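All remarks here apply to the structure that follows.
The sequence lines fix the lettering, A, B, ..., with proteins before strands; numbering per chain opens at 1. Remember, it's a predicted structure, so these values are computed and weren't measured experimentally.
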Amino acid sequence: MGEVFALVDCNNFYVSCERIFRPDLKERPVVVLSNNDGNVVSLSNEAKTLGIPFGAPFFKLAELIAEEGVAVFSSNYTLYGDMSRRVMDTLSSFSPDMEIYSIDEAFLALRGGTDAVTGRGRDIRETVMRWTGIPVSIGIAPTKTLAKLASKVVKKDSSLGGLLNITGHPHLQEILGHLDVEAVWGVGPRYGGMLRSAGFRTVRDLMLAPDHWVRKKMHVTGLRTVMELRGISCLALEDAAPPKKGIVCSRSFGRPVSSLEELQEAVASYAARGAEKLRGQGSAASFLTVFIATNRFVPEDPQYSNGVTVPLPVPSSYTPLMIRTALQLLERIYRPGFRYKKAGVMFSGIVPQWDRQLDLFRPVRESERQQRLMRVMDGVNRGMGRDTLYFASQGVTRAWGMRRAYLSRRYTTRWNELPVVRAI
DNA sequence: TCTGGGGTCCTAGGACCC
DNA sequence: TCTGGGGTCCTAGGACCC
């Protein structure tokens with residue numbers, strides 16, 4: 001009885017999104033690459049079976065991919081973002097208490113007896129599949145940490161049929177005794193190694209570890225994790241996403257960039273994108289940082305990286321101000337004669353838009369005029385697609401842009417990229 | 001040729017203040 | 001002989017997540 005947590009996790013999410021519109025890839029190995037076609041960030045089960053590890057650099061896999069006929073896609077975040085919204089909309093019809101944890105995961109609070117909750121979980125799986133075409137795994141437990149763990153078990157064991165409810169499970173300790181301690185949410189490689197060398201190998205070992213020792217070695221967050229493993233809920237559902245405390249926009253370039261002009265276009269674009277994100281969450285930033293870096297994977301190239309931060313005259317989200325300031329900072333750190341690989345813009349000191357201090361030397365009317373201009377621009381870009389309106393300093397050709405050689409179409413968000421079905 | 005892009009939280013230590 | 005004590009703020013660094 002009482003309240004339990006269900007973690008709903010989309011299986012191989014990016015790959016699943018691509019497969020919806022390519023049913024021919026159903027049983028085939030498929031991978032999706034990171035920005036710039038850099039690393040593998042999503043794999044179908046068939047691709048995992050081939051031994052391709054998560055995060056593998058794409059250029060090292062070329063041979064294997066050709067031999068095994070692996071289908072390859074560049075990241076298509078427009079598509080994944082839209083599919084994510086559809087999945088989350090579906091989930092929200094099952095519980096008023098829901099936390100969207102990432103693009104492909106959500107926690108739901110469910111109430112009722114164990115069997116009823118399990119049945120509800122099955123219903124959720126089938127509905128998400130029917131309405132969106134995305135397969136999900138569901139873990140149900142009295143705490144969020146145990147729910148995450150249960151969903152991991154589900155993915156490893158196909159006999160469970162995509163769902164495991166460990167609420168009051170008679171063999172819980174036994175199950176935990178078979179899981180590596182690194183399977184726990186909050187235990188990464190460092191803590192994993194530390195725990196192992198101290199003799200805590202399985203999740204069960206960690207669950208039974210002495211409190212004072214855990215507190216000393218893994219701080220309060222670690223102790224919370226252990227309590228959660230014991231079934232004592234310490235992490236509540238966070239229904240309203242709090243505004244972000246820092247916003248970063250950075251990209252690696254599709255090729256090395258040396259000229260100040262190209263860096264200026266890139267930095268102006270990131271500044272504009274960051275300002276858009278700020279406005280999207282109703283915030284203004286007090287500080288702006290610009291950084292640039294050469295490619296550290298090419299040690300024979302001369303290396304240089306630098307960044308600089310300045311306070312803004314007044315917390316702001318006004319794109320022209322951000323672009324102007326970012327370009328001034330770029331000129332301060334730019335050095336000719338290097339092959340730059342990456343640049344970025346960071347916003348910090350984030351405050352709500354409405355209680356920001358007004359600039360003493362600027363009439364209120366002007367600030368209102370700026371906000372109106374940004375609202376119009378955001379509205380157009382939301383309705384007609386990103387970058388319908390942009391500033392000249394962001395550049396037109398963007399020759400420095402990402403490599404995306406294997407991009408699928410934006411099937412669900414562009415009229416001219418809709419999937420076409422032919423009945424022969 | 002070629003190695004992603006975001007975020008969060010916690011702690012320790014230094015600066016500064018009274 | 002021997003150099004207060006308590007509080008706050010900020011930053012850097014470490015750990016983790018997807």
Side-chain angles (χ1 to χ4, degrees), chain A residues 7 9-14 31-43 53-63 65 72 74-77 80-81 84 99-107 144-145 148-149 151-152 181-195 214-225 234-235 238 241-256 266 270 273-274 277 281 286-287 289 291 293-301 307 309 311 339 341-350 401-406:
Chain A
L7 177 71
D9 191 345
C10 301
N11 298 344
N12 315 328
F13 181 56
Y14 299 167
V31 298
V32 174
L33 306 177
S34 65
N35 280 336
N36 257 322
D37 295 342
N39 313 69
V40 172
V41 291
S42 181
L43 301 88
F54 179 92
F58 175 53
F59 74 93
K60 288 188 181 170
L61 295 172
E63 206 170 306
I65 280 173
V72 177
S74 304
S75 289
N76 185 343
Y77 282 101
Y80 311 151
S84 173
E99 173 187 342
I100 297 176
Y101 177 67
S102 73
I103 193 168
D104 67 340
E105 282 171 77
F107 289 100
K144 289 166 89 175
T145 303
K148 284 278 275 185
L149 210 50
S151 85
K152 264 197 188 177
V181 71
E182 290 88 352
V184 175
W185 189 32
V187 177
R190 286 293 168 82
Y191 281 154
M194 186 276 292
L195 286 167
V214 174
R215 174 69 182 82
K216 199 171 75 195
K217 295 285 195 178
M218 300 170 71
H219 317 297
V220 294
T221 37
L223 190 56
R224 267 201 291 267
T225 297
C234 305
L235 302 171
E238 288 165 30
K244 305 216 183 311
K245 297 173 178 174
I247 285 177
V248 180
C249 283
S250 77
R251 293 276 179 285
S252 297
F253 304 125
R255 55 164 171 76
Y270 306 153
R273 177 73 190 116
K277 286 189 196 172
Q281 66 169 24
S286 314
F287 299 92
T289 303
F291 62 89
T294 51
N295 190 347
R296 64 197 161 91
F297 290 104
V298 187
E300 58 274 24
D301 273 9
T309 304
R339 291 155 60 82
K341 180 62 180 170
K342 187 174 185 172
V345 171
M346 276 164 30
F347 295 104
S348 52
I350 290 179
M402 283 197 279
R403 227 184 359 259
R404 304 212 285 178
Y406 310 94

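- Applying the ring pair (Phe, Tyr, Trp, His ring centres under 6.0 Å) rule to A:F59 yields no partners; only residues at least two apart in sequence or on another chain are considered.
- For DNA chain B, the stems formed by at least three consecutive Watson-Crick or G-U pairs, with both atom-pair distances below 3.5 Å, span B:5-18 with C:5-18.
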Quiz item: What is the per-nucleotide protein-contact pattern of nucleotides 4-10 of chain B, from the 5' end, where B denotes a base atom under 4.0 Å from a protein heavy atom, S denotes such proximity for sugar-phosphate atoms only, and - denotes neither?
Solution: BSSSSSS
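- Remark: A:R339 engages A:P256, A:S258, A:D301 in a side chain to side chain contact (heavy atoms under 4.5 Å, CB included) (not counting sequence neighbours).
- Partners of A:Y14 according to the ring pair (Phe, Tyr, Trp, His ring centres under 6.0 Å) rule, which considers only residues two or more places apart in sequence or in another chain, are A:Y77, A:Y80.
- Residues meeting the ring pair (Phe, Tyr, Trp, His ring centres under 6.0 Å) test with A:Y406, sequence neighbours left out: A:F58.
- If you take atom P in C:dC18 and the same atom in B:dT3, they sit 25 Å apart, rounded to whole Å.
- Residues passing the side-chain hydrogen bond (donor to acceptor under 3.5 Å, both in side chains) test with A:N76 are A:S408, sequence neighbours excluded.
- In this structure, A:S74 contributes its side chain and A:D37 its backbone to no donor-acceptor pair below 3.5 Å.
- Considering only residues two or more places apart in sequence or on other chains, A:D104 meets the side-chain hydrogen bond (donor to acceptor under 3.5 Å, both in side chains) condition with A:S102.
- Qualifying side-chain hydrogen bond (donor to acceptor under 3.5 Å, both in side chains) partners for A:D9, counting only residues two or more places apart in sequence or in other chains: A:K155.
- Here A:L43 pairs with A:V31, A:V40, A:A47, A:K48, A:I52, A:F54 under the side chain to side chain contact (heavy atoms under 4.5 Å, CB included) rule; sequence neighbours left out.
- For A:R251, the side-chain hydrogen bond (donor to acceptor under 3.5 Å, both in side chains) test picks out no residue, with sequence neighbours left out.
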Practice problem: Mark up nucleotides 11-18 of chain C, 5' to 3', with B wherever a protein heavy atom is under 4.0 angstrom from a base atom, S wherever such an atom reaches only the sugar-phosphate, and - elsewhere. | Solution: ----SSSS
